[in-house]
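What follows is a set of notes on a single structure, which appears directly below.
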Amino acid sequence: MTSSPPSSPQGFWHHVLQASWPWRVTWLYLTLFLFLPIAALLLKALTLNPAEIWRIATDPVAISTYNVTFFTALVAGIINGFAGLIIAWVLVRYEFPGKRFLDAIIDLPFALPTAVAGLTLSTIYSTNGWIGGFLEPFGIKVSFTRLGVLVAMIFISLPFAVRTVQPVLQDLEAEAEEAAWSMGASQWQTFWRVILPPLMPAILTGVAMGFSRAVGEYGSVVIIAGNIPFQDLIAPVLIIQRLEQFDYAGATVVGTVLLLISLAVLLAINLIQARGRRFYG
Amino acid sequence: MADSSLNQPVATAGAKSQRASRFQWGKWLLVTFVFGYLALILLVPALNVFIQAFKAGLPSLLDTLTSKFFLNAVKLTVIATAITVPLNTVFGLCAALSLANKNFPGRSLLISIIDLPFSISPVVAGLMLVLLFGNRGWFGPLLDASGIKIIFALPGIVMATIFVTMPFIAREVLPALEDAGTEQEEAAATLGATPWQTFWRVTLPSIKWSLLYGLILCNARAMGEFGAVAVVSGNIVGKTQTLPLFIEEAHIQYNTQAAYTAALLLSCLAVVTLVLKYFLERTAGIQHRGH
């Protein structure tokens with residue numbers, strides 16, 4: 001009987017302060033800054049009648065922005081899925097000069113404000129820019145086109161693709177590969193059958209996280225794109241344009257569509273990770 | 001693995017060495033690809049900011065740096081960050097303390113909820129705040145009557161920034177708390193330490209590096225947030241214009257010098273962030289992960 005019983009006043013306050021006080025702050029903060037805003041959007045959407053919601057959500061301009069946003073974000077995610085795998089592979093398996101620098105700079109898109117990214121990408125990829133100048137003779141224009149949207153989305157989603165695969169690759173035992181090799185499997189066979197399967201959940205998670213981030217991206221895209229409907233106007237920019245015209249219903253409906261799709265992607269990511277844990281624990 | 005080729009006899013030594021030399025060749029091909037890809041996407045764009053900012057010479061750079069609107073944008077960005085980051089720190093610590101080393105139904109759902117702002121488009125977050133506090137929003141009439149301005153003013157900018165940076169601290173501190181376990185805290189409590197003493201002297205020291213890591217990321221995002229702030233700030237020059245908004249405005253008005261001067265400042269922030277992050281990962285062994 002050395003410790004005081006939990007029913008003593010000290011034990012009671014201990015419980016309140018250790019468990020309940022942070023608990024209360026957590027819920028108060030979430031309610032004020034997260035639940036209330038989300039509720040405002042969803043309830044505003046519910047005040048519109050279904051026919052009107054459908055009309056706004058399927059308006060040709062709105063549909064074209066979904067196309068541009070989701071398709072371009074998907075392409076960016078897939079490109080980074082491949083590039084991210086190669087980058088992670090190179091960073092984990094090889095030694096070369098400048099490796100640490102490369103490893104550190106992968107996170108630049110997390111650290112660099114998106115407005116800066118949009119500004120510098122639009123300069124470099126413009127027709128008289130360092131890289132855009134090379135592409136111009138081939139008739140390829142990047143800045144102020146959909147390709148510009150793609151470049152900005154690739155920039156913004158790159159770290160996700162690398163950082164989800166890298167730790168899994170690090171933990172992957174080289175022994176299984178060596179065993180496959182020594183038994184005469186070719187490099188391709190080793191890659192497809194031994195290395196890739198356990199990496200797949202991580203790769204898909206990285207692609208999905210990058211996609212999700214790219215879909216919501218505003219800052220870098222609005223600067224590099226021309227923001228012309230049916231060409232390179234993305235959904236988040238459409239929301240801002242609608243708000244500027246005081247079209248709250250229009251902004252709300254497009255915002256709700258984006259919110260619901262983000263939630264669906266989030267669910268998909270969780271399912272992928274749960275599957276990955278089950279199979280590769 | 002019913003692959004017939006795996007049943008082939010063990011490769012001869014000659015084939016092995018041949019494979020090794022081919023492998024080296026593959027290595028340099030991949031390394032070159034990575035350098036090329038990162039140059040196109042990250043390195044050249046980053047370098048370009050520094051070159052463009054100094055292109056017109058130092059006097060012109062200093063001109064922008066001391067202009068009134070630029071200084072106002074810097075001031076507003078610093079104020080909004082200085083309010084946001086401490087609030088999110090308190091929240092992040094509370095959320096992590098509530099979740100760590102505990103098991104209750106709905107725990108993983110709560111973690112997902114805390115992470116939710118990372119999945120929501122910043123523009124949609126800003127829209128939500130406009131629907132709450134704008135003059136046609138839920139609290140619009142009430143705020144109008146009491147003369148409080150949230151949208152097109154500092155409180156709106158702060159709330160938008162809080163929304164998008166909410167998860168940073170919690171998600172860094174939570175794993176650190178789980179790693180640290182509860183033994184030392186329990187020992188301190190048994191020895192008669194008050195909860196505050198336990199927190200300051202036992203819990204905080206064990207999570208300080210993770211907390212710092214979260215703070216750095218939260219700070220960088222808070223200073224650079226564009227989408228959410230663009231919706232709620234109204235972008236009134238000299239009043240509600242933050243640095244990222246200043247960049248966009250200058251860019252639209254073909255004031256490239258001003259845009260790149262502001263970009264230079266924010267890029268320095270990014271460099272400092274990356275350097276601190278690098279050292280925290282190396283010295284404190286914190287794992288980086290995707291946000």
Side-chain angles (χ1 to χ4, degrees), chain A residues 3 14 17-18 22-23 25-26 29 33 36-38 40-41 44 83 86-87 90 94 96 102 104-105 107-108 110-116 119-121 123-124 130-131 154-155 158-160 163-164 182-185 189 193 209 212 216 218-219 223 236 239-240 248 251 255 258-259 262 266, chain B residues 1 3 5-6 8 10-11 27 30-31 33-34 37-38 40-42 44-46 48-49 91 94-95 97-98 119-124 127-132 136 138 159 162-163 166 189-190 195 220 224 226-227 231 244 247-248 251 259 263 266-267 270 273-274 277-278 288-291:
Chain A
S3 62
H14 177 84
L17 285 170
Q18 281 279 294
W23 186 252
V25 173
T26 303
Y29 205 83
F33 296 117
L36 204 60
I38 292 176
L41 178 73
K44 171 76 184 174
I86 297 173
I87 295 168
V90 164
Y94 300 145
F96 55 91
L102 277 197
I105 204 169
D107 287 325
L108 185 70
F110 288 149
L112 192 73
T114 53
V116 180
L119 176 71
T120 183
L121 287 171
T123 303
I124 285 174
W130 290 346
I131 299 171
I154 287 178
F155 174 89
L158 175 68
F160 296 97
R163 296 305 188 210
T164 47
S182 65
M183 286 194 279
Q189 283 170 328
R193 295 178 179 245
M209 285 169 82
S212 167
Y218 169 76
I223 293 179
I239 293 175
I240 290 198
Y248 286 81
L258 270 190
L259 177 70
S262 311
L266 190 66
Chain B
M1 288 280 180
D3 189 348
S5 63
L6 290 182
Q8 279 170 6
V10 173
K27 167 188 164 175
L30 290 180
V31 170
F33 168 82
V34 168
Y37 191 78
L38 294 183
L40 289 178
I41 301 295
L42 301 179
V44 175
N48 178 58
V49 175
F91 163 73
C94 286
L97 284 170
S98 311
S119 307
I120 296 175
S121 172
V123 170
V124 176
L127 169 68
M128 290 169 177
L129 293 176
V130 170
L131 293 176
L132 264 185
R136 282 192 239 172
W138 278 14
M159 280 196 205
I162 283 180
F163 189 105
M166 201 183 288
T190 315
F226 185 5
V231 180
I247 292 178
E248 191 203 14
H251 174 70
L266 287 175
S267 299
T273 303
L274 285 183
K277 202 168 167 296
Y278 175 80
H288 43 212
R289 69 202 112 201
H291 291 271

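The figures that follow rest on heavy atoms only: side chains count, while hydrogens, waters and symmetry mates do not. Here is how names work: the chains are called A, B, and so on, in the same order as the sequence lines, proteins then strands, and each is numbered from 1.
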So, the part of B:L38 with a heavy atom under 4.5 Å from chain A: the answer is side chain

Applying a strict 4.5 Å limit to non-hydrogen atoms, the region of B:I162 in contact with chain A is side chain

[atom1]-[atom2] distance between [X] and [Y], expressed to the nearest 0.5 angstrom:
| X | Y | atom1 | atom2 | value |
| --- | --- | --- | --- | --- |
| A:L41 | B:L127 | CG | CG | 5.5 Å |
| B:L129 | A:F33 | CG | CZ | 9.5 Å |
| A:Y29 | B:M166 | OH | CE | 6.0 Å |
| A:I38 | B:M128 | CD1 | CE | 5.0 Å |
| B:K277 | A:D107 | NZ | CG | 3.0 Å |
| A:I154 | B:L42 | CD1 | CG | 11.0 Å |

From the list A:L112, A:T120, A:I131, A:V116, side chain to side chain contact (heavy atoms under 4.5 Å, CB included) partner of B:P45 resolves to A:T120

Counting only heavy atoms closer than 4.5 Å, note whether [X] contacts chain B via side chain, backbone, both or neither.
| X | value |
| --- | --- |
| A:I87 | both |
| A:L158 | side chain |
| A:L108 | both |
| A:L119 | both |

What are the two closest non-hydrogen atoms of [X] and [Y], and how far apart are they?
| X | Y | answer |
| --- | --- | --- |
| B:L274 | A:A104 | CD2-O, 3.7 Å |
| A:G216 | B:S121 | O-OG, 2.8 Å |
| A:W130 | B:V44 | CE3-CG1, 3.5 Å |
| A:L36 | B:W138 | CD1-CZ3, 4.2 Å |
| B:P244 | A:A115 | O-CB, 3.7 Å |

Determine whether A:Y94 and B:V34 satisfy the following criterion, side chain to side chain contact (heavy atoms under 4.5 Å, CB included), listing intermediate values before the conclusion. CA-CA 12 Å; A:Y94 300 145; B:V34 168; over 6 Å; no

Greatest number of non-hydrogen atom pairs under 4.5 angstrom with chain A, of B:N48, B:V130, B:V124, falls to B:N48

Residue from B:S267, B:A220, B:C94, B:A95 scoring the most non-hydrogen pairs under 4.5 Å with chain A is B:C94

By ring-ring contact (aromatic ring centres under 6.0 Å, His included), B:F163 pairs with (sequence neighbours left out) none

Any sub-3.5 Å donor-acceptor pair from A:S262's side-chain atoms to B:S119's backbone N or O?
yes

